[in-house]
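Note that the structure is a prediction, hence the values are computed from the model and not measured. The chain is numbered in sequence order, starting from 1. For ligands, and for the atoms within them, numbers begin at 1 and follow the listed sequence. Side chains are part of it too, since the values below use all heavy atoms of this structure and drop only hydrogens, waters and symmetry mates.
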Amino acid sequence: MTTAAFDIDTLRVTYGEVVALDDISLRSAPGRITALLGPNGAGKSSLLQALSTALVPAAGTIRIFGHDTRRQPALARRRLGLVFQERTLDEDLSVWQNLWFHARLFGLPRHDARQAVNRLLAQFELTHRAGDAVSALSGGLSRRVEIIRAMVHRPGLLILDEPTTALDPQARRRVWDDLRRLRTEAGTAILYSTHHLDEAEYADDVVIVDGGTVVRRGSPDQLKAGLASSRVLLSTADDALALTSLAAAGFDAGPHSAGIAVHCAEPERRIAEVIAALTVPVRSVSVRRPSLDDVFLALGAAGAEVRR
Ligand SMILES: Nc1ncnc2c1ncn2[C@@H]1O[C@H](COP(=O)(O)OP(=O)(O)OP(=O)(O)O)[C@@H](O)[C@H]1O
């Protein structure tokens, strides 16, 4: 069996009397992308901090590529790349110097450090910014440099706490292009927390935490498939009459802000049948598939506080 990129077993994290995480068990294979979702205070940062070895768990174990974070923290850290919420680049240094010092800190010999930095800058198309002072970089660019810095020592697992918070949509897209490229080209496993539901769609596995426990997990499709919210939306010349015809034909139909919603598992395949059941002209037809927003709404409290 492949060694898991991370393997968390019955983790409990406390701050004095406050229980931030309780009985969390999660694992992920190398190369997989995992999104951690949940409202403020759910425990996302605590989980990432414990994985990073910055927090010592009250109970349970964490293994990073087989290395126990409590007993072998240095070995675990070597396999980790970390990008936390606050900006942590040295503002007085250039992009290249920031990357170089990080590589040296991780023990790369000078020649290897230079090669690693140059290779990553080229891979992420930032060679032309190598000499720029970090203080002059935009928020989006400094976040990208932080991601590159986290990758200089070639970790197998990259952990990011809300990597795109405060970035504009274009910068967010660049960061996601980088992250997906890392998975494809370097096979890096990625674990990130986010408040942006659309960003959870990039993940292979989505883990929803609330109140310090895992409340749902699965692929984005699995989470959405658990909801009965796929539907055909219709607008007709006479919606009241159309509803009567649909009910008579056995459809689960009801009024909707768009006109009529017909609930069914595979809406694309049922459109022809839905229209055939009608005796009034149809003005518009569309299909509504559930989104991760719907998953959050279905979860109630956990969903309500997540920003769109
Ligand atoms: N240093 C601390 N001391 C005491 N309690 C803390 C500390 N850090 C976090 N907590 C508590 O632990 C719980 C989990 O917090 P955590 O920051 O991990 O949540 P989060 O999901 O990352 O929230 P956010 O989305 O706001 O960053 C919360 O109840 C929080 O108040």
Side-chain angles (χ1 to χ4, degrees), residues 6-28 33-62 64 69-70 73 76-77 80-88 139-140 142-143 146-147 150 157-169 171-172 175-176 179 189-203 205-218 220 223 292-293 295-308:
F6 62 85
D7 190 351
I8 303 169
D9 186 25
T10 54
L11 178 71
R12 182 179 169 88
V13 170
T14 56
Y15 301 96
E17 299 288 296
V18 179
V19 179
L21 296 170
D22 195 23
D23 197 22
I24 303 271
S25 294
L26 288 173
R27 71 199 309 272
S28 186
I33 300 185
T34 306
L36 203 54
L37 284 176
N40 292 125
K44 303 179 299 294
S45 296
S46 301
L47 182 57
L48 300 184
Q49 294 277 351
L51 277 154
S52 76
T53 77
L55 265 182
V56 178
T61 55
I62 301 175
I64 308 291
T69 54
R70 205 191 304 244
R77 272 197 296 269
L80 287 174
L82 303 171
V83 179
F84 283 115
Q85 284 180 35
E86 49 293 336
R87 195 167 146 135
T88 57
S142 39
R143 187 46 32 126
E146 284 179 316
I147 292 171
L157 171 63
L158 181 61
I159 291 180
L160 309 105
D161 196 358
E162 297 187 27
T164 59
T165 295
L167 300 189
D168 64 41
R172 280 173 62 191
V175 165
W176 275 105
L179 292 175
I190 296 173
L191 170 65
Y192 64 99
S193 65
T194 183
H195 281 287
H196 295 290
L197 291 171
D198 53 332
E199 291 189 342
E201 299 275 0
Y202 294 123
D205 305 302
V206 177
V207 177
I208 302 176
V209 287
D210 193 16
T213 60
V214 173
V215 293
R216 281 283 192 293
R217 71 177 80 184
L223 291 175
L292 283 174
D293 288 28
V295 176
F296 266 87
L297 290 173
L299 283 172
E305 292 178 41
V306 171
R307 292 195 293 272
R308 300 293 170 82

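- Using cut-offs of 30° and 60° for the angle between ring planes, the Tyr192 and Trp176 rings count as perpendicular.
- Taking CG of Leu36 as the start and CD of Glu162 as the end, the distance is 10.0 Å to the nearest 0.5 Å.
- The single protein non-hydrogen atom nearest to atom 4 (C) of ligand 1 is Tyr15 CB, 3.4 Å, given as residue, atom name and distance.
- Within the 4.0 Å cut-off (strictly below), no protein heavy atom is located near atom 30 (C) of ligand 1.
- Every atom of ligand 1 with a heavy atom of Lys44 under 4.0 Å away is listed here by number and element: 18 (O), 19 (O), 20 (P), 21 (O), 22 (O), 23 (O), 24 (P), 25 (O).
- Residue contacts with ligand 1: Pro39 is included, with a non-hydrogen atom under 4.0 Å away.
- Of the protein's heavy atoms, Gly41 O, 3.6 Å lies nearest to atom 28 (C) of ligand 1.
- Inter-residue side-chain proximity for Leu47 and Leu191 is flagged as unmet; no heavy-atom pair is nearer than 4.5 Å.
- Counting heavy atoms of neighbouring residues, nucleotides and ligands inside a 6.0 Å radius, atom CZ of Arg172 exceeds 12 of them.
- The shortest separation from a heavy atom of Glu162 to ligand 1 is under 4.0 Å, placing the residue in contact.
- Side-chain contact check for Ser193 versus Leu48: some heavy-atom pair is nearer than 4.5 Å.
- Of the candidates Gly43, Ser45, Ala20, Ala42, Ser45 brings a heavy atom nearest to atom 27 (O) of ligand 1.
- Side-chain N/O atoms of Thr88 and Glu146 include a donor and acceptor closer than 3.5 Å.
- Distance from atom 26 (O) of ligand 1 to its nearest protein heavy atom, with residue and atom name: Asn40 ND2, 2.9 Å.
- Interface atoms of ligand 1 facing Ser46, defined by a heavy-atom separation under 4.0 Å, are 14 (C), 15 (O), 16 (P), 18 (O).
- Interface of His195 with ligand 1, defined as ligand atoms under 4.0 Å from a residue heavy atom, comprises 25 (O).
- Counting heavy atoms from C-beta on, the side chains of Asp23 and Thr213 never come closer than 4.5 Å.
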